[in-house]
Protein chains: 2
Amino acid sequence: MSQVCRSRGCSCKATEWGHVLDEMDCELFARASHERVYEPGMNIFMQGDNCSGVYCIQSGLVGLRRSDDNGNSAMLRLSQNGDVLGYRAVIGKRQHRNTAEVLTRSRVCFIEAARLTMLLQRNPNLKEGFLQRALVDLTTTETNCAEQMTRGLQARFLHLLFRLYQNVEAQQDDREHVFDLPVQRKDIAALLGATPESISRIINRLEEQGLVRFVGRRVIFSNMGRFRAKIQIGIEAATAEA
Amino acid sequence: MSQVCRSRGCSCKATEWGHVLDEMDCELFARASHERVYEPGMNIFMQGDNCSGVYCIQSGLVGLRRSDDNGNSAMLRLSQNGDVLGYRAVIGKRQHRNTAEVLTRSRVCFIEAARLTMLLQRNPNLKEGFLQRALVDLTTTETNCAEQMTRGLQARFLHLLFRLYQNVEAQQDDREHVFDLPVQRKDIAALLGATPESISRIINRLEEQGLVRFVGRRVIFSNMGRFRAKIQIGIEAATAEA
DNA sequence: CATTGCGCTTGATGCATATCAATGTTGTTG
DNA sequence: CAACAACATTGATATGCATCAAGCGCAATG
């Protein structure tokens, strides 16, 4: 049940689809999908586009941005390894509601809408997988939204910093309490509903407090204990997401 | 396919469940559910509660509030006639993530978790209904979140006002351009991530501009044209939700 | 009737963040 | 290397909104 589909270079794990794919499905999935690499700055799809299929992120970081007609925009959430994008448009038979911006070099597995629809018909249980996925995305977005509404910029920034740190912590645990931001300042700003200038000033304040140092994109936690203490709440919510 | 289940006073329309209920299901649904009336100020369920079932709103207005450990909270969205609450907790087998606050007298139809699970097993297509529901909720929340992040308080307030107006517009179209707010100032504030004081001041500004008059909870649009013009964008997004 | 409580408003003030403009820094390309 | 573009920082200023405190209107209650 946790075998890996390999065909044309694709490597969607069965587990990524809600544990509902049997071997046959897995084979069909592999044949229905193909992989592509996106460079930073590219868009996987754009808000308003008609939907051509779903995208499963194998590696890298992708941001989902929502824009309005006035030119304002915000990045609603980050997607990474194991996340699936565009399924709402396929299943809901609508246009994409967000733009998927590639933030770091990403391997992405694509499955055509028609083929996915066929798979869904063949195996209705696959719907369960997407249902669970939708529920997780809903919870993530709700949590984000609530945080946005109730907490100040510094608290939101600290939380984001912590989440980004946790991501790499699992991968590289050699150098302690140091990591590189995978995104630019302006992306951080977009994620927090702020301006890059404000991010700069927040960083200044944090450095003055001796909480953390920034060298370009490198982040050095000078006092991890105080850092963790300052975040307090919100951690269990973040870790319970996955 | 659009018959109404009636048993023990419940009246869940089949259409509310994604058009996937046949007559048999409908009968089972009716037998599995019962109706209750909630008064303003009551909570249907609370954040952190274990889930006992799902709630289908027949009439009235319910707000979903998310709180954090610091005592801060925000109202994430409003639910009304036809909406279903608590399904995430049942399907995801988790605790409720939000508190469901009754804002106006509401008739609510309850279905026990165990029975719903049985129904889901008997008719896997029912999952499709919940999937679609989850996608709509996700879109609503995303749109809210983006608006929260990019637009100022006045714009958000105008948009909310318009949405509330649209709700009653369909029901009572006799008196033009007048309606009563179904919620208190503090609820409006919670929905907009603001304080009641700020709402008061926003109202002042709007009255000075001659856009709209407020008498207690009564809202009078003195110049509907200018009002609609001021909202501009965001309307098609709101109307496309349903 | 007086009282209490609650929702709402108003005013004074302070802080947080946006905005605009200028400069520095980095990375890229010919 | 020089030149350029994108990103990042810094400073000055303005604004939006929160906070705190007080007063008002109204309904419920003894």
Side-chain angles (χ1 to χ4, degrees), chain A residues 39-42 63 68 70-75 101-105 147-161 180-209 212-219 230, chain B residues 39-42 63 68 70-75 101-104 147-161 180-209 212-219:
Chain A
E39 299 297 333
M42 302 176 78
D68 68 14
N70 301 347
N72 307 317
S73 78
M75 204 168 280
E101 291 183 6
V102 175
L103 301 177
T104 71
R105 196 164 205 274
E147 181 163 344
Q148 181 72 32
M149 292 170 78
T150 57
R151 316 190 75 177
L153 184 55
Q154 171 163 326
R156 287 176 352 243
F157 178 64
L158 285 173
H159 189 191
L160 174 62
L161 219 57
D180 291 313
L181 288 172
V183 292
Q184 302 175 335
R185 299 285 193 269
K186 63 173 182 179
D187 294 324
I188 292 178
L191 278 164
L192 301 178
T195 59
E197 293 98 316
S198 293
I199 303 301
S200 265
R201 295 186 223 276
I202 291 282
I203 288 176
N204 280 344
R205 256 192 282 162
L206 291 177
E207 291 198 314
E208 286 167 11
Q209 294 176 251
V212 55
R213 288 206 311 126
F214 288 80
V215 184
R217 283 196 180 182
R218 178 143 298 180
V219 181
K230 193 140 192 169
Chain B
E39 299 296 332
M42 301 176 77
D68 68 14
N70 301 346
N72 307 318
S73 78
M75 205 168 279
E101 291 183 5
V102 176
L103 303 177
T104 71
E147 182 164 342
Q148 181 73 32
M149 293 171 79
T150 56
R151 315 190 81 182
L153 185 53
Q154 170 162 326
R156 298 194 320 264
F157 178 63
L158 286 173
H159 190 190
L160 174 62
L161 219 55
D180 291 313
L181 287 173
V183 292
Q184 302 175 336
R185 300 283 193 269
K186 65 175 178 179
D187 295 323
I188 293 178
L191 278 165
L192 301 177
T195 59
E197 293 97 317
S198 293
I199 303 301
S200 264
R201 295 185 222 279
I202 291 283
I203 287 177
N204 280 344
R205 256 193 280 161
L206 290 177
E207 291 198 315
E208 286 166 11
Q209 295 176 251
V212 55
R213 289 205 311 127
F214 289 79
V215 184
R217 283 197 181 184
R218 178 144 297 180
V219 181

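The analysis underlying the following values was restricted to heavy atoms, covering all of them including side chains, and did not include hydrogens, waters or symmetry mates. Reminder, nothing fancy here: chain letters follow the sequence lines and each chain counts from 1.
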Problem set entry | Atom-pair distance (CG on Leu103(A); C1' on dC7(D)), nearest Å | 15 Å

Exercise. Going 5' to 3' along DNA chain C, which nucleotides are the first and last within contact of chain B (any atom under 4.0 Å from a heavy atom)?
Worked result: dG7(C) to dA12(C)

Exercise. Are the side chain of Asp68(B) and the backbone of Asn70(B) linked by a donor-acceptor contact shorter than 3.5 Å?
Worked result: yes

Exercise. Which part of the nucleic acid, if any, lies within contact of Gly216(B), taking any heavy atom under 4.0 Å across all strands shown: a base, the sugar-phosphate backbone alone, or nothing?
Worked result: nothing

Exercise. dC17(D) P sits how many Å from Gln148(B) CD, rounded?
Worked result: 10 Å

Problem set entry | dT9(D) OP1/OP2 closer than 4.0 Å to side-chain N/O of Asn204(A) | no

Exercise. If you measure from CG on Leu192(A) to CD on Gln148(A), what distance do you get to the nearest 0.5 Å?
Worked result: 7.0 Å

Exercise. Could you state the interatomic distance from CZ (Arg185(A)) to CD1 (Ile202(A)), rounded to the nearest 0.5 Å?
Worked result: 12.5 Å

For this session: May I ask you to verify if any side-chain N or O of Ser198(B) is less than 4.0 angstrom from the OP1 or OP2 atom of dC17(D)?
Result: no

Exercise. Could you give the distance from CZ (Arg156(B)) to CG (Leu191(B)), rounded to the nearest 0.5 Å?
Worked result: 10.5 Å

For this session: Could you tell me the separation between the CZ atom of Arg217(A) and the C1' atom of dA8(D), rounded to a whole number of Å?
Result: 11 Å

Problem set entry | Pair of N/O donor and acceptor under 3.5 Å linking dT19(D) base with Arg201(B) side chain | yes

Exercise. NA contact type, Gly41(A), heavy-atom cut-off 4.0 Å: base, sugar-phosphate, or nothing?
Worked result: nothing

Exercise. Can you tell me how far CD1 of Ile203(A) sits from CZ of Arg201(A), rounded to the nearest 0.5 angstrom?
Worked result: 12.0 Å

Exercise. Going by number, which of residues 184-191 of chain A have a non-hydrogen atom under 4.0 Å from DNA chain D?
Worked result: Gln184(A), Arg185(A), Lys186(A)

Problem set entry | Protein-nucleotide distance (Glu208(A), atom CD; dT9(D), atom P), rounded to Å | 14 Å

Exercise. Using a cut-off of 4.0 Å on non-hydrogen atoms, how would the nucleic acid contact of Leu153(B) be classed: base, sugar-phosphate, or nothing?
Worked result: sugar-phosphate

Problem set entry | Length of the line joining Leu192(B):CG and dG16(D):C1', which is rounded to integer Å | 15 Å

Problem set entry | Nearest-0.5 Å distance, NE2 of residue His159(B) to CZ of residue Arg151(B) | 7.5 Å

Problem set entry | Steps toward side chain to side chain contact (heavy atoms under 4.5 Å, CB included) verdict (Arg213(B), Arg218(B)) | CA-CA 8 Å; Arg213(B) 289 205 311 127; Arg218(B) 178 144 297 180; over 6 Å; no

Exercise. When the distance from CD of Glu197(B) to P of dC17(D) is rounded to whole Å, what number comes out?
Worked result: 14 Å

For this session: Take the protein atom CZ of Arg218(B) and the nucleotide atom C1' of dG25(D), then report the distance between them rounded to whole Å.
Result: 18 Å

For this session: Quick one: closest heavy-atom pair of Ala189(A) and Pro196(A), and the distance?
Result: CB-N, 3.6 Å

Exercise. How many angstroms lie between CZ in Phe214(B) and CG in Leu161(B), if you round to the nearest 0.5 Å?
Worked result: 4.5 Å

